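Notes follow once the structure below has been shown.
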Amino acid sequence: MASDTVYLDYAATTPLDPRVAEAMAMCLQRSGAFANPASQHEPGLQAAALVERARAHVAALIKADPAEIVWTSCATESNNLAIKGAARFYKQRRGRHIVTVRTEHKSVLEACIALEAEGFDIEFLETGAEGRVTVEQLQKTLREDTVLVSIMHANNETGVVQDIERLAPIVKANGSLLHVDAVQSAGRLTLDMQQWPVDLLSLSAHKLYGPKGVGALYVRARPRVRLQALLHGGDQEGRLRPGTVPTHQVVGMGEAYRLAAEEAEADNRRTAALKQRLWHRLVELDGVFRNGAEDACAPHIINLAFAGVHGEALAAELQGLAVASGSACTSASAAPSHVLRAMGVPDQLAHSSLRFSFGRFSTEQDVDDAVEIVRAGVERLRRFSPIWRA
Amino acid sequence: MASDTVYLDYAATTPLDPRVAEAMAMCLQRSGAFANPASQHEPGLQAAALVERARAHVAALIKADPAEIVWTSCATESNNLAIKGAARFYKQRRGRHIVTVRTEHKSVLEACIALEAEGFDIEFLETGAEGRVTVEQLQKTLREDTVLVSIMHANNETGVVQDIERLAPIVKANGSLLHVDAVQSAGRLTLDMQQWPVDLLSLSAHKLYGPKGVGALYVRARPRVRLQALLHGGDQEGRLRPGTVPTHQVVGMGEAYRLAAEEAEADNRRTAALKQRLWHRLVELDGVFRNGAEDACAPHIINLAFAGVHGEALAAELQGLAVASGSACTSASAAPSHVLRAMGVPDQLAHSSLRFSFGRFSTEQDVDDAVEIVRAGVERLRRFSPIWRA
Amino acid sequence: MSLISPQVEQHYRNPCGADAVLTGDNVVSGRAGRLATGAVLELRLQIQGSTIEAASFEAFGCPATVACGSWLAAWLPGRELAEAAALTGLEVARQLALPPLKTGVALVAEDALKAALQAWQND
Amino acid sequence: MSLISPQVEQHYRNPCGADAVLTGDNVVSGRAGRLATGAVLELRLQIQGSTIEAASFEAFGCPATVACGSWLAAWLPGRELAEAAALTGLEVARQLALPPLKTGVALVAEDALKAALQAWQND
Ligand SMILES: Cc1ncc(COP(=O)(O)O)c(C=O)c1O
Ligand SMILES: Cc1ncc(COP(=O)(O)O)c(C=O)c1O
Ligand code: FES
Ligand code: FES
């Protein structure tokens, strides 16, 4: 990428940590662990050993047992496997009622909706302007036939954090399974599978300085959670996920998670400070609003609305600055973000929102440059905005 | 891997071509195309451009249009998406009869069998000792409600090649869809989607000097073949395969396929010669048989039975030589290869078989070393074999 | 931005009639679009007899929306009212090489123009 | 090979009684297992009175199969017939630290031993 672009889109994807790239490169050489980790010959066993070491690193970050980690090809697959897999396996035993939240990632929402065709009954929890689900709401919605509840930890658009520690026991008391999409929170917030009664947890590598194209699903072993596989055809990953395990990819994820265990605290302190710096500067622009709960937010994400200017136009103004525009304008609909709408953000502001997200390589200079670029864009667009009167 | 291991297991997985590793490394640097190819900012568009160039390279090798290539996470997923996706989409229109072959890869067989639970009727074509399906057999088996036929091109255990050019028109004349698993044949045999009436074709990167963890599915555009997706949750890949596209992985596959277009012919001439060299030397051992048609075999695979010795024991003898043992002894059953059994190979010989497979980096020295290692192992084991009398 | 043609790019970066201040008896305005769908366009026309003398716009929307406003503000001055009334959104979309996804934005532009011409008639 | 314990490795690489040639009136043999399941073991015992004097084996099968044969050929000489008859496959599996997957192979070994002892009785 153009080296002069200020990259504040870490929630979309992060660059690799150079140490991760190095660990992967070892597997990519002819002299490295290139063999198929399922092969029973010596080179295969060497690759398998690396795969298992990586599994242990991922497990360690969430305080799980390595045997509870299933490799997948991305968090979209993890979410689909968790939701469809559990729903299909337990529907006879338990029922066909599924509960999730309107602000979930598309891969959760659409996996749930796909299950409607199989006779499942999906119920969506609403969130207030804060973007948070309450204990009372959840309690009211659970039914005897609720087979699965899927609630994300940190939201990818707003950073808003759901209080899994308080919500989880309620789901378990009802005898339902709980799936948590922890893609944005892994390495940013504490995840503790020994303490939290969570059954399934989705993880991704590429939001935490690991490679794209690999993810993981935590599947609780005690009591054992069962799933119906989405793919068939091999004995890999306890038959939950057949296909040759890509050694370099999982080694990259393992190394990324190992580094996170060591460095996340310092990273998070830094990104939280950068986020505050950005907010304090931009709020001076007038008509700038923060979407989502300020006091329950992942350290790396901030979502801001700029009254009077359109997010897509603003994004086009931001030459040299990579951030995410709120509205999903590359998709067929010109609708603004489903997350912001679900939080009751007015249409105008929902269309006017940008997500800024920070990471290990972000600097104060990045923030200061970003502020100048955004200020210029907002000021130009407001000059001919029919809805902005300064 | 131990650099003194002779690696003759290219059909399990290949090492990366160093040029592929280099192309991938460019995407793995912070200064490289690390952004999310779905992002609309400049770095995202740069990544998307690389993804599209890679798609064009893959399409070119099989004479398809780039828009007909869908990225997947591996060929196991390609096979599952093709088979379940087509069967589920067309069942109402066409019927629930599916035809495949007993010698297919597990991911095809198990995907088909998984469909039985949804009311599909799976019929398996038998092969003779040659391992080949005949036109007459296929013709006899097709029914009016046959929705899908899945036949692999080159077999992964024996190298036996099905005559897709003759079989495909028969499937199409019947109005059924045809899926071909071309994982082992891509880059080894000609694949021409302009000439062949094939609807769906599965491809993998890691059998052709590309990375593990990425594959592709060819989906014919004219007439357009429709599929029901396995995963839900994003607009990527025409909604057939949501999830962040892993730029470095698809760039690796693209580069591998680009190189194959240039170098496959020379590679194949070389591997075919190495295979003959191995065969001529080993046949001197007595009681060595070749599994599968000799005259319709992919250039890189040879499967040999060593009478009187067990494949797993032989594999354990072969310190310093990486080849594949026929029987699947790491799985719960001690059954010999389903492929060899389907070909009518007697139990004893099926248990006594090894697959040798060659590739771009194989040398005559590799062959000669392999012959000596195998000879020593076979001779030792035969000395106390209850079923071998020299 | 992949959805942006060179024509849109030009008008978006250097819009025509975005800074013009049109006032007076012979100035009318028309507004179209909804905040909910993310595109609002307001057009002002200064009219003399049956001729449009000057035009300006304000826009809230994606770059294509801004470009539509700018294109109108550049094209309208000097036109007869009848000619302006005959302009369609599809023609605007064609002129700006908008992708199909953005046709809706051009229809908003047509509506804003129609609303302004209607306001003149009602005057 | 991940399914191979050190005990199996030792017996497989250096099997006992694989090369012994036992012949004579007081030699019986027992065979068990099937080619179909990939493990065949043949055991020969040289018996004097109620004592096993010598043993040899032949095996077709995975390393565990070979190791079972070798372990028997090493363990049996000097044993009383009654003691040999009491040996179970599970004990063989335990001695060789076989993984559960390979228990079947040890049961084949037990069967071969039983068959040889039976042949002696029938003699
Ligand atoms: C919260 C959340 N869940 C799931 C995903 C899907 O991740 P992937 O693109 O790796 O499939 C993302 C990434 O966009 C995310 O932010
Ligand atoms: C013929 C064939 N089909 C499918 C596959 C599955 O490929 P992957 O392991 O990449 O999913 C393989 C590889 O083992 C194969 O040889
Ligand atoms: S904002 Fe203009 S179309 Fe989405
Ligand atoms: S060969 Fe011994 S168990 Fe499979």
Side-chain angles (χ1 to χ4, degrees), chain B residues 2 5 9 287 289 305-342 344-354 373 376-390, chain D residues 1-6 8-22 29-44 55-70 72-73 98-109 112 115-116:
Chain B
T5 297
D9 203 9
F289 308 97
F306 300 87
V309 310
H310 192 281
E312 200 189 331
L314 185 50
E317 284 296 292
L318 307 182
Q319 308 272 345
L321 171 62
V323 296
S325 129
S327 48
C329 281
T330 51
S331 67
S333 81
S337 147
H338 74 275
V339 173
L340 299 183
R341 271 194 313 187
V345 175
D347 281 329
Q348 191 227 112
L349 290 181
H351 269 296
S352 302
S353 294
L354 292 182
I373 294 169
V378 169
E379 284 174 356
R380 182 175 92 91
L381 292 174
R382 279 181 176 169
R383 273 209 293 281
F384 53 79
S385 169
I387 56 174
W388 174 256
R389 296 289 172 261
Chain D
M1 307 287 292
S2 58
L3 293 172
I4 294 187
S5 63
V8 167
E9 178 84 23
Q10 169 64 24
H11 274 285
Y12 171 68
R13 298 262 169 248
N14 307 290
C16 311
D19 287 321
V21 187
L22 301 182
S29 76
R31 183 172 178 140
R34 292 185 304 126
L35 286 174
T37 56
V40 175
L41 193 64
E42 185 166 327
L43 203 61
R44 265 160 204 273
S56 74
F57 80 97
E58 291 187 318
F60 169 81
C62 60
T65 313
V66 175
C68 287
S70 167
L72 283 177
L98 297 188
L101 197 57
K102 294 291 187 185
T103 308
V105 162
L107 298 178
V108 168

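Letters go in sequence order (proteins before strands), and every chain restarts at 1. If you're wondering where the values come from, they're calculated on a predicted model, not measured in any experiment. Note: hydrogens, waters and symmetry copies are ignored here, and every other heavy atom, side chains too, is used.
A pairwise comparison of heavy atoms in G61(D) and V66(D) identifies O-CG2, 4.2 Å as the closest pair.
Residue R382(B) does not touch chain D at all, counting heavy-atom pairs closer than 4.5 Å. Heavy atoms of V40(D) lying under 4.5 Å from chain B belong to its backbone as well as its side chain.
Salt-bridge annotation for R383(B) and E379(B): absent, with no side-chain N of the basic residue lying under 4.0 Å from a carboxylate O of the acidic one.
The list of salt bridge (Lys or Arg N to Asp or Glu O under 4.0 Å) pairs with a residue in residues 32-42 of chain D, not counting sequence neighbours, reads R31(D)-E42(D), E42(D)-R44(D). Note on residues 55-66 of chain D: pairs passing salt bridge (Lys or Arg N to Asp or Glu O under 4.0 Å), not counting sequence neighbours, are R389(B)-E58(D).
Among G17(D), P100(D), A18(D), the residue with the largest count of heavy-atom pairs under 4.5 Å with chain B is A18(D).
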